[in-house]
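Numbering of ligands and ligand atoms starts at 1, following listing order.
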Amino acid sequence: MPQLAISPASGRPGDLVRLVGIARMAAESSVLVEKRRVEYRNLATRKWLNRCQSERVPFDWTINPYRGCEFACKYCYARYTHDFLERHDPAAFETEIYAKDWNAVDFQEELKSVKAGQIIAIGTATDPYQPAERRFLSTQNVLEGLASVRGVSICLTTKSSLVSRDAALFLALAKHNHVHVTITVTTTNRSLARLTEPFAPSPEMRLKAVAKLAASGVSVGVMASPILPLITDSEQNLLAVAQAAKNAGAKQFGAYVLFLQPAAQRVFFPFLAERFPEHLARYQRSFRDGAYLSGVYPEKMRKMVQDIRQQVGLLSRDVEVPPPPSDPPAAQMLLF
Ligand code: SF4
């Protein structure tokens, strides 16, 4: 019996499309746990390691243990990944979380394709330490599975304080590989973070995780990405994040400017209309023709971040590039 869903093109209940591939697997998955706001589902998975071919990023492989992310950041670029599951309702990305089925034997088979010198990035699309990790331990399984690799770079990015749980695993991996953890802190302003990243741990909790990892000897840095034009792009804000990162024991600091693909715009623009209506028209003009800004503004922000690094005494990240877009960016005029 073929799986059918309402056509995303028409949105009319009568127009059904046949589900294939991962969308079909998602439709066939069973609900494992239902919390008040979020539903957890399992997702049959053929591959854990995804070959990264994008020229925008230096990663050779990416691993994302979860689909969807209940941290629900208003600017999240990964919302488009739920489109592959034929889940087009913007809320589904934050409320239907899919945990990929773990298979340790298959994962070891996949790792045979990884060569020394290559980079494996964990958490390039969704947060590997979102609340689902407490239940499914998928990221912990990955880190334990990676114990067999030698001479590779392993980078992990998260907003979750849960990451400090795995300090011992990072240290064990670092005996044979280059391991680096990045914790994202876009602002030290708790109220602002609550608006833009409503269900993520507070900036204080994330900085405590930085401190715990650093104290354990794990190489840890802080990224203030994405820089939200007119909202978190002041020198005062970025300096405060860098200073707090330094105080917590981070070695690196970086930040790149927001990019907004259509799936992200569908959530971010209504958010602006509600919370920052004075900025809405400017954002709409700036992102009208594409997801990326170019020109004077991103260059100005790049220079500001560089100056702050020098001022505070932090290094640049080894891998300081935005995550891969699904499509090449369109050139933008400076409007900010
Ligand atoms: S933590 Fe990352 S993946 Fe999760 S909603 Fe926020 S930006 Fe998206």
Q. With a 4.0 Å cut-off on heavy atoms, does A78 reach ligand 1?
A. no
(Q) Looking at K74 and E94, is there a salt bridge between them, counting it only when a charged N and a carboxylate O are closer than 4.0 Å? (A) no
Q) Where is the nearest protein heavy atom to atom 6 (Fe) of ligand 1: which residue, which atom, and how far? A) C73 SG, 2.3 Å
Q) Any N/O/S atom, backbone or side chain, of C69 lying under 2.8 Å from atom 4 (Fe) of ligand 1? A) yes
Q: Identify, for atom 2 (Fe) of ligand 1, the protein heavy atom at the shortest distance, and state residue, atom and that distance.
A: K159 NZ, 3.8 Å
Q.
Between S160 and L162 (side chain of the first, backbone of the second, donor and acceptor by atom type, cut-off under 3.5 Å), is there such a pair?
A. yes
Q. Taking C-beta and beyond as the side chain, do R79 and R266 meet within less than 4.5 Å on heavy atoms?
A. no
**Q.** R194/E197 ion pair, N-O < 4.0 Å
**A.** no
Q. Numbering the atoms of ligand 1 from 1, which are under 4.0 Å from a heavy atom of C76?
A. 3 (S), 5 (S), 7 (S), 8 (Fe)
Q) Charged N to carboxylate O under 4.0 angstrom, R135 versus E133? A) no
**Q.** A125 contact mode with ligand 1 (heavy-atom cut-off under 4.0 Å)
**A.** backbone
